[in-house]
Number of protein chains: 2
Amino acid sequence: MNISQAAQRSGLTAKALRYYESIHLLSPKRAGNGYRDYSERDLETLHFIRRARAVGFTVDEVRSLLVLHHNPSRRSHDAKALVEEKLTHIEAQLRDLREMRGALRRLADSCAGDESPECAILDSLCGGVCDG
Amino acid sequence: MNISQAAQRSGLTAKALRYYESIHLLSPKRAGNGYRDYSERDLETLHFIRRARAVGFTVDEVRSLLVLHHNPSRRSHDAKALVEEKLTHIEAQLRDLREMRGALRRLADSCAGDESPECAILDSLCGGVCDG
DNA sequence: TCTTGACCTTCCCCTTGCGGTAATCTTTAA
DNA sequence: TTAAAGATTACCGCAAGGGGAAGGTCAAGA
């Protein structure tokens, strides 16, 4: 099938499909006219990529997952390790974001938010040492 | 003071300082030899930038904050609006990350993680329709 | 047959926020 | 004097594509 059909059926964009090919995540055949020709197997790979991306894997990590996926002598241990590593990373991001959220809430709470130029937010960002 | 001192005292890198100047976040004087010469006021701006970046603001948002900071006829309402907008955005990111974490946990839990090639993670990413 | 419009192709620039490196001054200390 | 340290500009690179230009193809209608 043509690229736009493959894009639609996979839930990705044609641009993304070309990108994935350019970095050798998959290599669809070419028709006689030079058009990409995606097989059902290619489509499965695209679905795999989309799902893996959706849970946070980078394309490089997706590449590793695809290698495991295509390797019949793989060990499920290796796939699980990739998932757990990603989990650890996401938990770190969650901690960072929660800290930012807390700081932002304190900033917002400290500020009247009115027509006055006096602003505890700007004062706080400046470290309390600025004159304006 | 020279760039490396300003970097050290602000907790930023010299590279970042040059970048901030290149995008006109601040404009330190130049000494006769062409070296940047950071004033105490510049240093305050750098501290401001570092704190704002630390709570999640993009450099473009920092620019808006600096405009308010330097504008004596500002309204604290405007600063608070920027903080709340950022807060909304970060909460959306938190939701996304929590969803990813949930999905990854389910994937990890579903997988034995042993020496066998049978792997529920890879099956699930493939949508249950792949043969391998 | 011609044309029009919808596809497809490759190619290159743009994004964020700097990091790394190179080539080239200037200053400073021995 | 010379060597090291620190400064300057300039360019390339990252992730993961998006946007758009210039041009080839294909299917349908007049």
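Just so it is clear, the model here is predicted, and its values are computed rather than measured.
- A salt bridge links A:Glu91 with B:Arg105: the distance from a Lys NZ or Arg NE/NH1/NH2 to an Asp or Glu carboxylate oxygen falls below 4.0 Å.
- Within the 4.5 Å cutoff, the side chain of A:Glu85 has no heavy atoms near those of the A:Glu61 side chain.
- Of the residues near DNA chain D, A:Val59 and B:Gly34, the one whose nearest nucleotide (by heavy atom distance) lies more toward the 5' end is B:Gly34.
- Looking at A:Lys29, its side chain never comes within 3.5 Å of a backbone N or O of A:Asp37 through a donor-acceptor pair.
- As rounded to whole Å, 17 Å separates atom P of D:dC14 from atom CD of A:Glu61.
- Between the side chain of A:Ser76 and the backbone N or O of B:Gly113 there is at least one donor-acceptor pair closer than 3.5 Å.
- A salt bridge does not link A:Asp109 with A:Arg106: none of the charged nitrogens is closer than 4.0 Å to a carboxylate oxygen.
- As a whole-Å value, the separation of B:Arg30 CZ from D:dT8 P is 6 Å.
- Between A:Arg53 and the phosphate of D:dA16, there is a side-chain N or O to OP1/OP2 separation shorter than 4.0 Å.
- Counting heavy atoms of neighbouring residues, nucleotides and ligands inside a 6.0 Å radius, atom CZ of B:Arg75 does not exceed 12 of them.
- There is no side-chain donor-acceptor pair under 3.5 Å between B:Ser4 and B:Asn2.
- One interatomic measurement links the two molecules: CD of B:Gln5 to C1' of D:dA7, which rounds to 14 Å at whole-angstrom precision.
- Remark: side-chain polar atoms of B:His47 are paired, donor with acceptor, to backbone N or O of B:Arg9 under 3.5 angstrom.
- Near DNA chain C, defined here as any heavy-atom distance below 4.0 Å, the residues from residues 9-25 of chain A are A:Lys15, A:Arg18, listed numerically.
- For A:Asn33, no side-chain nitrogen or oxygen approaches OP1 or OP2 of D:dG24 to under 4.0 Å.
- For the pair B:Tyr38 OH and D:dT8 C1', the interatomic distance rounds to 12 Å; values are reported in whole Å.
- Residue-to-nucleotide proximity on DNA chain D shows that, of A:Tyr35 and B:Asp37, the 5′-proximal contact is made by B:Asp37.
- Reading DNA chain C from its 5' end, the first and the last nucleotide to sit under 4.0 Å from a heavy atom of chain A are C:dC7 to C:dC11.
- Side-chain contact check for A:Thr45 and A:Asp42: no donor-acceptor pair (N or O, by modelled atom type) lies under 3.5 Å.
- Here the P atom of nucleotide D:dA7 and the CE atom of B:Met1 are 12 Å apart, to the nearest Å.
- Here D:dT8 presents its P atom at 15 Å from NZ of B:Lys29, a figure rounded to the nearest Å.
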